[in-house]
Amino acid sequence: MRTSQYILATLKETPADAEIISHQLMLRAGMIRRVASGLYTWLPSGLRVLRKVEAIVREEMDKAGAIEMLMPVIQPADLWQESGRWDQFGDELVRFNDRHNRPFALGPTHEEVITDFVRKEINSYKQLPLTLYQVQTKVRDERRPRFGVMRAREFTMKDAYSFHLSDDCLNNTYEIMHKAYCNIFERLNLDYRPVLADTGSIGGSLSHEFHVLAESGEDAIAFSDASDYAANIEKAEALAPNEERPAPSKELKAFPTPDAKTISELKKHYGVKPHRGVKTLIVYGTADENGERGLVALVIRGDHELNELKAQNHPLVHSPLEMAPESEIVAAIGAKPGSIGPVGLSMPIIVDRTANIMADFVAGANKDDEHYSGINWERDVAQYQVSDLRNIVEGDPSPCGQGTLQIKRGVEVGHIFQLGTKYSEAMKAGVLSESGKNQVMTMGCYGIGVSRIVAAAIEQNNDQYGIKWPKPIAPFDLAIVPMNMHKSHRIPDIANNLYDGLKAAGLDVLFDDRKERPGVMFNDMELLGVPYTLVIGERNLDENKVELKNRHTGEKLMLDLDTAVETIKAAVSS
RNA sequence: CGGCGAUUAGCGCAGUUUGGUAGCGCACUUGGUUUGGGUCCAAGGGGUCGCAGGUUCAAAUCCUGCAUCGCCGACCA
């Protein structure tokens with residue numbers, strides 16, 4: 001490709017609304033342009049990277065025995081009604097009616113369509129197991145699109161679905177896909193981790209997320225420093241510390257706290273250390289037979305954070321989790337949030353495991369501007385339950401029993417689930433078994449955010465000059481940058497010959513034939529992140545040499561003109 | 001969807017307080033100059049100041065409403 005016949009579209013200045021580095025660099029390097037919030041046009045350079053990521057994903061899927069097909073973005077509502085998700089999915093599902101006023105949705109995922117396909121086409125156990133995949137545009141009306149293509153409303157996803165007769169068989173395919181995912185991220189040269197995950201709204205039993213590690217990641221993930229254990233922080237179990245609760249040594253005593261509504265104010269004005277107090281959060285409980293939702297108190301240590309997922313998974317707590325409004329709290333307790341505590345509270349109380357081993361602690365007195373000190377479980381609070389409610393923190397013991405937990409941030413680029421029979425049962429997808437009876441299939445599903453990987457790769461590979469693409473997904477393998485070609489007699493021929501030779505050798509070459517100054521070309525190629533730049537200048541041609549610069553190491557190699565193509569080919573494919 | 005902020009040329013911004021016929025840098029066009037790290041000079045093109053309504057002799061500027069975009073929180077590849 002010659003830059004004179006290409007859309008390089010690089011920008012010197014960073015558009016103001018791009019917050020994270022990958023979004024800024026994708027705009028500046030001419031990879032994407034925003035059309036509307038969460039909707040992007042992919043320019044030639046961006047599309048090249050996207051296609052290379054897709055190609056690697058396809059190769060590994062094919063290698064794992066999955067078969068590619070393509071399903072429509074537009075899906076009829078009746079399939080979604082059949083699975084029950086038409087009502088569940090909410091506003092993230094884009095819905096519309098066609099000219100005959102029939103309802104449709106734009107596919108945010110394809111479980112319904114694939115299950116419909118398989119139930120019609122697959123009739124016999126002999127055809128199982130079966131794994132099908134596609135690379136397709138997904139549409140989700142995100143509450144808040146952000147970070148460019150990282151969280152877009154339209155994005156490219158590879159989604160695969162597997163069908164089985166037994167859980168063992170599903171397990172087997174799940175392991176194969178897990179391995180295929182690892183292969184993909186290895187080949188992409190990304191620092192990634194598979195972690196245990198919550199199964200969330202898609203449902204099912206076992207699930208792993210694949211995270212690319214990056215400071216800007218929206219998820220926190222926890223690792224053991226002594227084993228392979230890794231989990232999304234929302235999933236990681238917080239064990240009770242391995243210690244007994246001390247015996248009470250203090251009397252329950254109320255003290256005035258007019259200046260303290262929060263844990264930090266309690267510390268600031270009254271010297272109460274956060275880990276010596278508890279927070280009491282009032283949330284809605286599960287509805288009774290009349291549909292009435294009562295209130296439930298959740299108690300965690302002052303320096304800990306509530307894990308909402310754990311809370312709403314508790315049988316007494318309404319899901320999704322909802323904090324009670326101040327008015328209801330005042331009506332039920334007679335005190336405002338900020339002075340709430342477990343002593344004398346007449347509602348179900350759920351206490352975090354770690355809070356449960358505290359003694360002589362501080363909490364609100366359920367009376368405005370008053371707290372108790374010297375609170376002790378059982379003695380002062382008789383009725384309560386103990387559960388895991390909090391986010392783990394760095395240094396907690398690992399749930400696997402080995403080592404302590406460390407926390408890093410990650411971008412979720414893949415997610416695999418064992419779905420079980422959630423969709424196949426709802427949609428009556430079965431085959432004839434060996435004994436001639438109809439049997440519902442069990443399913444797995446496996447997603448990779450292809451367009452998100454592009455952004456995540458940049459988060460991990462950039463410097464002050466721009467992007468530093470991992471070789472397998474760079475838009476070009478190398479750039480040819482001739483110095484002042486239009487003023488030279490010999491450079492045009494040499495540059496053109498090298499360009500043809502490198503193309504013939506199977507490389508993606510960007511030949512910068514613009515009438516620009518060298519600095520402009522160097523800067524553009526570095527911004528775009530091309531792994532190698534071949535510099536052709538009069539200076540070195542006098543000795544029959546050209547210069548090869550490595551974007552990652554900064555290393556410069558002098559090459560003999562005669563053998564340059566072979567040397568470059570070897571370097572690029574190393 | 002709740003809280004905060006923004007909207008003036010393709011991009012980055014000034015001008016708004018105190019109303020008076022819209023400006024700077026980059027990019028773009030033309031000519032010259034320069035040429036191993038975003039040259040320099042000159043000339044030029046490009047804006048219903050987000051939209052609608054109001055106040056006023058006069059609105060980018062004041063008032064009201066709406067829209068769009070972004071950030072922080074609850075969901076996901």
Side-chain angles (χ1 to χ4, degrees), chain A residues 9-20 23-24 27-28 30 33-39 53 57 89-93 108-110 135-160 181 197-202 207 209-212 218-219 232 234 306 308-309 312 320-323 325 410-417 445-456 465-466 481-488 491 515-527 533 535-541 547 549 556:
Chain A
T10 52
L11 303 174
K12 275 190 193 174
E13 278 166 311
T14 304
D17 52 10
E19 191 72 10
I20 61 169
H23 188 195
Q24 294 172 358
L27 290 164
R28 287 192 54 211
R33 290 291 184 261
R34 191 178 64 78
V35 175
S37 178
L39 300 173
V53 175
V57 170
F89 222 89
D91 291 336
E92 210 164 293
L93 185 66
T109 174
H110 280 73
V135 177
Q136 174 63 296
T137 299
K138 298 286 189 264
V139 180
R140 295 184 190 174
D141 194 358
E142 286 281 345
R143 282 206 190 91
R144 182 151 87 84
R146 68 191 115 156
F147 304 149
V149 300
M150 196 75 96
R151 178 175 298 278
R153 289 195 287 181
E154 190 182 297
F155 57 97
T156 303
M157 179 167 163
K158 184 285 301 175
D159 46 326
Y181 272 43
D198 187 70
T199 46
S201 60
I202 296 189
S207 174
E209 291 167 351
F210 287 76
H211 285 263
V212 168
E218 293 188 76
D219 289 278
N232 193 305
E234 61 184 17
L306 180 71
E308 305 199 358
L309 195 71
Q312 73 190 24
L321 187 78
E322 217 179 312
M323 304 291 281
V411 177
E412 185 189 349
V413 289
H415 202 161
I416 59 178
F417 300 82
C445 87
Y446 317 89
I448 286 187
V450 176
S451 43
R452 183 179 277 183
I453 283 176
V454 176
Y465 304 109
V481 175
M483 302 286 97
N484 305 308
M485 180 164 69
H486 62 285
K487 289 188 69 179
S488 162
I491 291 178
K515 197 174 159 183
E516 282 289 356
R517 294 167 59 86
V520 173
M521 300 195 202
F522 287 137
N523 281 314
D524 275 347
M525 293 311 121
E526 280 157 17
L527 176 58
T533 301
V535 185
I536 306 173
E538 291 285 348
R539 215 167 63 186
N540 294 319
L541 283 181
E547 181 185 308
K549 278 205 318 190
K556 296 177 183 176

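Only a predicted model underlies this, so the values are computations on that prediction, with no experimental measurement involved. The basis for the numbers below is simple: all heavy atoms, side chains too, and nothing from hydrogens, waters or symmetry mates. Letters go in sequence order (proteins before strands), and every chain restarts at 1.
Between A/H110 atom NE2 and B/A77 atom C1' the separation is 14 Å, expressed in whole Å. Between the NZ atom of A/K487 and the P atom of B/U39 there is a distance of 15 Å, given to the nearest Å. Straight-line distance from the CZ atom of A/F89 to the C1' atom of B/C75: 10 Å, rounded to whole Å. The CZ-P distance, from A/R140 to B/A74, rounds to 19 Å in whole Å. Note: CG (A/D91) to C1' (B/C1) measures 9 Å, nearest angstrom. Between the C1' atom of B/G12 and the CD atom of A/Q24 lies a distance of 13 Å, rounded to the nearest Å.
The base of B/G36 sits within donor-acceptor range of the side chain of A/E547, with an N or O pair under 3.5 Å. For A/N484 and B/G36, a side-chain-to-base donor-acceptor distance below 3.5 Å is absent, hydrogens and geometry of angles not being considered.
Taking CG of A/D91 as the reference point, atom CZ of A/R143 lies at 8.0 Å (rounded to 0.5 Å). If you take CZ on A/R28 and OG1 on A/T14, they are separated by 5.0 Å, rounding to the nearest 0.5 Å. For the atom pair A/F155 CZ and A/T137 OG1, the distance stands at 9.5 Å (nearest 0.5 Å). A/L321 contributes atom CG, which lies 6.0 Å from atom CG of A/L306 (distance to the nearest 0.5 angstrom).
Within the 4.0 angstrom heavy-atom criterion, no nucleotide atom of any strand lies near A/M485. Nucleic acid contact for A/M483: base, since at least one base atom lies under 4.0 Å from a heavy atom of the residue. Within the 4.0 angstrom heavy-atom criterion, no nucleotide atom of any strand lies near A/A455. Among the atoms of the strands shown, base atoms are found under 4.0 Å from some heavy atom of A/N540. Across all strands, A/V535 comes closer than 4.0 Å to base atoms (heavy-atom distances). A/T156 comes within contact range of no nucleotide atom at all, as no heavy-atom separation falls under 4.0 Å. Contacts of A/G414 with the nucleic acid, taken as non-hydrogen atoms under 4.0 Å apart, involve only primed sugar atoms and P, OP1 or OP2. As judged by a 4.0 angstrom heavy-atom cut-off over every strand, A/D524 is placed among the base-contacting residues. A/R33 comes within 4.0 angstrom of nothing in the nucleic acid, heavy atoms only. Residue contacts for A/K138: at a heavy-atom cut-off of 4.0 Å it reaches no nucleic acid atom on any strand shown. Note on A/E92: only backbone sugar-phosphate atoms sit closer than 4.0 angstrom, heavy atoms only; bases stay farther off. Looking at heavy-atom distances under 4.0 Å, A/D219 makes contact with a base.
No donor-acceptor pair closer than 3.5 Å links the side chain of A/E154 to the backbone N or O of A/L39. A/R452 places a side-chain N or O within 3.5 Å of a backbone atom of A/M150 that can act as its donor or acceptor partner. No donor-acceptor pair under 3.5 Å is formed between the side chain of A/T156 and the backbone N or O of A/S451. Side-chain atoms of A/S207 come within 3.5 Å of backbone N or O of A/I416 as a donor-acceptor pair. Within the 3.5 Å criterion, the main-chain N or O of A/R151 finds no donor-acceptor partner in the side chain of A/R146.
A/V450 pairs with exactly one of A/K138, A/Q136, A/K158, A/M157 by the side chain to side chain contact (heavy atoms under 4.5 Å, CB included) rule, that one being A/K158.
Base pairing of B/U21 is not made with any nucleotide, judged by Watson-Crick or G-U wobble geometry with both donor-acceptor distances under 3.5 Å. Nucleotide B/C66: paired with B/G50 (Watson-Crick or G-U wobble, both distances less than 3.5 Å). Across all strands shown, B/G10 forms a Watson-Crick or G-U wobble pair, both distances under 3.5 Å, with B/C26. If you check B/G73 for Watson-Crick or wobble pairing at under 3.5 angstrom, you find it paired to B/C1.
When distances run from any side-chain atom of A/H415 to the nucleotides B/A77, B/C69, B/G12, the shortest one goes to B/A77. Residue A/H486 places its side chain closer to B/U35 than to any other of B/C75, B/G70, B/U35. In this structure, the nucleotide among B/C76, B/U39, B/C11 sitting nearest to the side chain of A/V520 is B/U39. You'll find that the side chain of A/R151 is closest to B/C75, out of B/C75, B/G38, B/C69. Nearest to the side chain of A/F417, among B/G38, B/A77, B/G12, sits B/A77.
Projected onto RNA chain B by closest heavy-atom contact, A/M521 and A/G449 fall at different nucleotides, the more 5' of which corresponds to A/M521. Each of A/L321 and A/M150 was matched to the nucleotide of RNA chain B holding its nearest heavy atom; the match closer to the 5' end belongs to A/L321.
With its ring centre under 5.5 Å from that of the base six-membered ring and a plane angle below 30°, A/F155 counts as stacked on B/A77.
With P as the reference atom, B/G65 and B/G20 are 25 Å apart, rounded to whole Å. Look at the C1' atom in both B/G12 and B/G3: the space between them is 28 Å, to the nearest Å. For B/C24 and B/A42, the P atoms lie 13 Å apart once the distance is rounded to whole Å. Separation of the P atoms belonging to B/C1 and B/G46 is 41 Å when rounded to the nearest angstrom. Taking atom P on both nucleotides, B/G2 is separated from B/A14 by 29 Å, rounded to a whole Å. When the C1' atom is used for both B/U39 and B/G45, the distance is 23 Å, rounded to whole Å. B/U61 and B/G50 are spaced 16 Å apart, taking the C1' atom of each and rounding to whole Å. Spacing between B/G19 and B/C57 at atom C1', rounded to whole Å, works out to 12 Å.
For A/Y181, the ring pair (Phe, Tyr, Trp, His ring centres under 6.0 Å) test picks out A/F210, with sequence neighbours left out.
In this structure, A/S37 reaches the B/G70 phosphate: one of its side-chain N or O atoms is under 4.0 Å from OP1 or OP2. Close to B/U39, at under 4.0 Å from its OP1 or OP2, lies a side-chain N or O of A/R517.
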For nucleotides 71-73 of chain B, print each protein N/O atom paired with a nucleotide N/O atom at under 3.5 Å, atom names and distance only.
residue: B/C71; atom: OP2; partner: A/R144; partner atom: NH1; Å: 3.2
residue: B/C72; atom: OP2; partner: A/R144; partner atom: NH1; Å: 3.3
residue: B/C72; atom: OP2; partner: A/R144; partner atom: NH2; Å: 2.8
residue: B/C72; atom: N4; partner: A/R144; partner atom: NE; Å: 3.1

What does nucleotides 25-33 of chain B look like as a protein-contact string, B for base, S for sugar-phosphate only, - for none, at under 4.0 angstrom between heavy atoms?
BSS------

